[in-house]
Amino acid sequence: MFDQELLDKYISGGLTDVFGWGLDTGLAQVFSHIDEFQRNKGITGPLVEIGVQDGRVLILLALLAREGERAIGIDIFENQGENLDFSGGNTSVERVLSNIKLHAPNSDVELIKSNSFRIPRSDLDKLENFRIMHVDGGHYLEVVMNDLEIAQRTIGAGGVIVMDDFWHSGFPEVQEAVHKYFFTSPIIRAAPFMVGRNKLFLASHEIRSDLKAYIFERMPANMQKQVRVLGYDAFTIDPQW
Ligand SMILES: C[S@@+](CC[C@H](N)C(=O)[O-])C[C@H]1O[C@@H](n2cnc3c(N)ncnc32)[C@H](O)[C@@H]1O
């Protein structure tokens with residue numbers, strides 16, 4: 001059940017109680033703008049994360065979910081032998097569940113314990129027509145391409161994909177994978193509209209230009225530099241002075 005008070009509490013500081021990397025208060029506000037835009041347009045669907053760690057981002061997605069929507073987190077969790085590039089790790093289903101209980105007790109959340117290379121068909125079906133997916137699982141070329149392909153295939157009209165660590169020099173294969181995907185894949189259902197804060201944001205074609213304008217207007221002047229990414233007009237939310 002949606003709870004504005006719990007959401008505000010999490011965004012304004014609660015999120016720092018959950019170990020993780022992909023979210024701070026500023027980024028959570030950016031996710032909230034995406035959420036507001038989608039709700040104004042009546043866009044609904046699951047909110048998904050590949051690569052959950054202890055749940056820092058997944059809990060925000062759970063708190064943003066409205067009536068009839070579910071947050072879904074996919075991770076190998078305890079099977080860290082399958083974490084080939086040691087991205088994150090040392091997590092457990094139990095720890096994520098206890099963080100959810102603490103910060104998003106009334107939310108509808110499903111955890112799928114699976115390697116993203118081998119998500120069972122019945123679980124993949126649950127991602128269909130998602131409205132937000134945060135991709136932050138394994139960080140080597142093949143797995144990022146796999147995860148981006150899943151995202152591009154299952155995104156709904158009006159959906160958004162957020163690729164984490166796109167600008168992280170410790171994970172150069174994330175950027176390589178996105179470039180390779182865009183240069184080789186015939187299926188491009190979502191394209192860049194915003195970059196920065198270590199992430200690349202892709203929106204489905206139906207909303208790309210309107211969503212870009214919506215968020216652009218809400219950012220301070222020093223976070224509005226126009227750029228082109230993979231041939232698409234975008235802007236950066238990294239401060240420019
Ligand atoms: C960088 S951490 C995620 C951080 C989290 N999103 C956050 O922002 O705090 C990467 C996660 O991906 C998981 N992982 C690594 N390889 C995976 C794979 N092939 N399939 C599913 N999960 C994977 C790891 O277990 C780890 O929890």
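Note that the structure is a prediction, hence the values are computed from the model and not measured. Both counts, for ligands and for their atoms, begin at 1 and track the order of listing.
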Identify, by atom number and element, the atoms of ligand 1 in contact range of [X], meaning under 4.0 Å from any of its heavy atoms.
X	value
N115	18 (C), 19 (N), 20 (N)
Q80	25 (O)
G22	7 (C), 8 (O), 9 (O)
S116	18 (C), 19 (N), 20 (N), 21 (C)
V143	19 (N)
S114	20 (N), 21 (C)
G20	9 (O)

D75, V18, I59: member with heavy atom nearest to atom 13 (C) of ligand 1: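 Result: the heavy atom closest to atom 13 (C) of ligand 1 is in D75.
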Within-4.5 Å side-chain heavy-atom neighbours: R56 and Y10: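 When only atoms from C-beta onward are counted, Y10 and R56 do touch, with a gap below 4.5 Å.
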Contact partition for V57 relative to ligand 1, non-hydrogen atoms under 4.0 Å: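 Contact part for V57 vs ligand 1: side chain (C-beta onward).
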Can you report which non-hydrogen protein atom sits closest to [atom], along with the distance?
atom	result
atom 23 (C) of ligand 1	I76 CG1, 3.8 Å
atom 17 (C) of ligand 1	G138 N, 3.7 Å
atom 1 (C) of ligand 1	D136 OD1, 3.7 Å

Examine the side chains of [X] and [Y] and answer whether a donor and an acceptor come within less than 3.5 Å of each other.
X	Y	result
E94	S92	no
Q80	N83	yes
R189	Q152	no
H134	K199	yes
Q226	K212	yes
E142	N146	no

Can you check whether [X] has an N/O within less than 3.5 Å of an N/O in ligand 1?
X	answer
H134	no
R56	no
T91	no

F117 to ligand 1, any heavy atom closer than 4.0 Å: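 False for this residue.
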Hydrophobic cluster identity match, V48 and I43, side-chain contacts under 4.5 Å: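 No; I43 is not reachable from V48 via cluster members.
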Neighbour count >12 (heavy atoms, 6.0 Å) for atom NZ, K126: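 Enclosed: over 12 neighbouring heavy atoms sit under 6.0 Å from NZ of K126.
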Whether over 12 other heavy atoms sit under 6.0 Å from K113 NZ: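 Counting neighbours around NZ of K113, more than 12 heavy atoms of other residues, nucleotides or ligands fall under 6.0 Å, so yes.
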